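Remarks on the structure that follows.
Position 1 is the first residue of the sequence; numbering continues from there. Counting convention: from 1, in listed order, for ligands and their atoms alike. Values in this document were obtained by computation on a predicted structure and should not be read as measured data.
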Amino acid sequence: MKLQASDFVARKGLQPIAMLTAYTCPVARALERAGIPVILVGDTVGMVEMGFDSTRHVTLEHMEYHIGAVRRGAPDTHIVGDLPYRTDRDADTALASARRLIAAGADSVKLEGDKYEVIRHLVAHDIPVCGHTGLLPQTAKGFAKVGRSDAEAERIRQEAKGIEEAGAFMMVMEHIPYDLARAITAERGISTIGIGAGPDCDGQVLVINDALGLGDYWPPFSKQYARASDTILDVARAFSGEVASREFPNNIIKLTGTGS
Ligand code: KIV
């Protein structure tokens, strides 16, 4: 059964929420089969799938394409779609952008930072919003942990408060000190989903390519549950070798008896 935004509010403090990103149909299908309650079609797609050096190159068209694919793979899972860089620059632009992501298959949208007016406007137009505080990749100068100084920690704390008060149903907290994440999680009434934010959040999110070990760099706070890049290398070498030796496709023709 697909969870709605209000279900995630109700789950605050109960069972931890496992969120994974997905960008393609077969991956989304596997996540739904595994019972992942919420899939994020993140603008990380630009970096981990499209080869850009920043999420800032991702467009609404890219997101519509990937959200559509994920929706076809996971018809019964809550999908959060990321609003790309500057498509949420003001309330009206954000509403038009969010409506496109919803039409493509998203159930809610995510946006970065302290855009309280935008969040209020979307929520007033029945679009559930997931906030995002801490490290904000669309505008950050680097990927270092943020919130280490007292002043910066207080700013993030106030931002989390503002995001909740503006009406967001959930909030991603990225790469902040664990004690800050713990404090915000205790203070806020909506679920916090951490990435590089320690164990005391209401849930955890991982970029699927990091979890799969797909690619050649994974953040230190991520975990590789598999080594998909090695598998692809092995498959490509095996295939190449069998084509060279003419083993393929003879080996499958013999197995399946096809070819007549
Ligand atoms: O775009 C994304 O995948 C994200 C995660 C890193 C949380 O925002």
Side-chain angles (χ1 to χ4, degrees), residues 8 16-24 27-28 31 36-60 62-67 69-70 74 77-88 97-98 101 104 106-115 119 128-140 142-147 156 159-160 163 168-176 181 184-185 190-198 201-212 214-215 217-224:
F8 291 104
I17 298 166
M19 179 195 259
L20 280 166
T21 72
Y23 317 107
T24 63
V27 169
L31 301 193
I36 294 293
V38 52
I39 296 175
L40 170 64
V41 185
D43 59 2
T44 39
V45 67
M47 296 181 76
V48 302
E49 289 288 340
M50 301 170 80
F52 292 132
D53 62 357
S54 155
T55 58
R56 283 190 283 275
H57 301 289
V58 175
T59 65
L60 270 176
H62 294 146
M63 293 306 298
E64 289 173 310
Y65 174 93
H66 288 284
I67 289 170
V70 169
T77 303
H78 188 104
I79 294 176
V80 181
D82 245 345
L83 282 168
Y85 181 52
R86 288 192 52 75
T87 65
D88 58 359
S97 307
L101 300 192
D107 297 292
S108 59
V109 299
K110 178 167 80 59
L111 58 83
E112 296 184 8
D114 61 354
K115 304 184 187 90
I119 297 174
V129 177
C130 175
H132 186 151
T133 189
L135 178 69
L136 305 177
Q138 290 179 358
T139 47
F143 290 94
K145 187 176 280 194
V146 296
I156 293 169
E159 187 166 280
I163 288 170
F169 73 97
M170 192 158 75
M171 169 169 25
V172 167
M173 301 195 298
E174 181 165 354
H175 215 189
I176 59 174
I184 293 174
T185 300
I190 56 174
S191 292
T192 58
I193 309 294
I195 177 162
C201 307
D202 295 306
Q204 299 287 333
V205 56
L206 271 187
V207 171
I208 190 69
N209 297 48
D210 298 345
L212 291 173
L214 181 58
Y217 166 80
W218 308 294
F221 52 74
S222 68
K223 177 173 175 181
Q224 286 63 65

Quiz prompt | Side-chain donor/acceptor of His57 to backbone N/O of Phe52, under 3.5 Å | solution = no
Exercise. For atom 8 (O) of ligand 1, grab the closest protein heavy atom and report residue, atom and distance to one decimal in Å.
Key: Lys110 NZ, 2.9 Å
Quiz item: Which atoms from ligand 1 have a heavy atom of Asp82 less than 4.0 Å away?
Solution: 1 (O), 2 (C), 8 (O)
Exercise. Quick one: sort the Phe8 and Phe169 rings into parallel, tilted or perpendicular, breaks at 30° and 60°.
Key: tilted
Exercise. Considering the heavy atoms of His132, write down every atom of ligand 1 situated less than 4.0 Å from one of them.
Key: 8 (O)
Exercise. Could you tell me whether the side chain of Phe221 reaches within less than 4.5 Å of the side chain of Ile195, counting heavy atoms only?
Key: yes
Quiz item: For Glu174 and ligand 1, does the shortest N/O to N/O distance drop below 3.5 Å?
Solution: no
Practice problem: Heavy-atom contacts with Thr21 under 4.0 Å: which atoms of ligand 1 show up? List them by number with element. | Solution: 3 (O)
Quiz item: What pair of heavy atoms forms the shortest contact from Thr21 to Leu31, and how long is it?
Solution: O-CD1, 3.8 Å
Exercise. Just need the protein heavy atom nearest to atom 5 (C) of ligand 1, so name the residue and atom and give the distance.
Key: Leu40 CD2, 3.8 Å
Quiz item: Does a donor on one side chain sit under 3.5 Å from an acceptor on the other, for His175 and Lys145?
Solution: no
Quiz item: What is the nearest protein non-hydrogen atom to atom 3 (O) of ligand 1, stated with its residue, atom name and distance?
Solution: Thr44 OG1, 2.5 Å
Quiz item: Is there a donor-acceptor pair closer than 3.5 Å between any side-chain N or O of Glu112 and the backbone N or O of Gly134?
Solution: no
Self-check item: Numbered atoms of ligand 1 (with element) below 4.0 Å of Gly42, judged on heavy atoms
Solution: 1 (O), 2 (C), 3 (O)
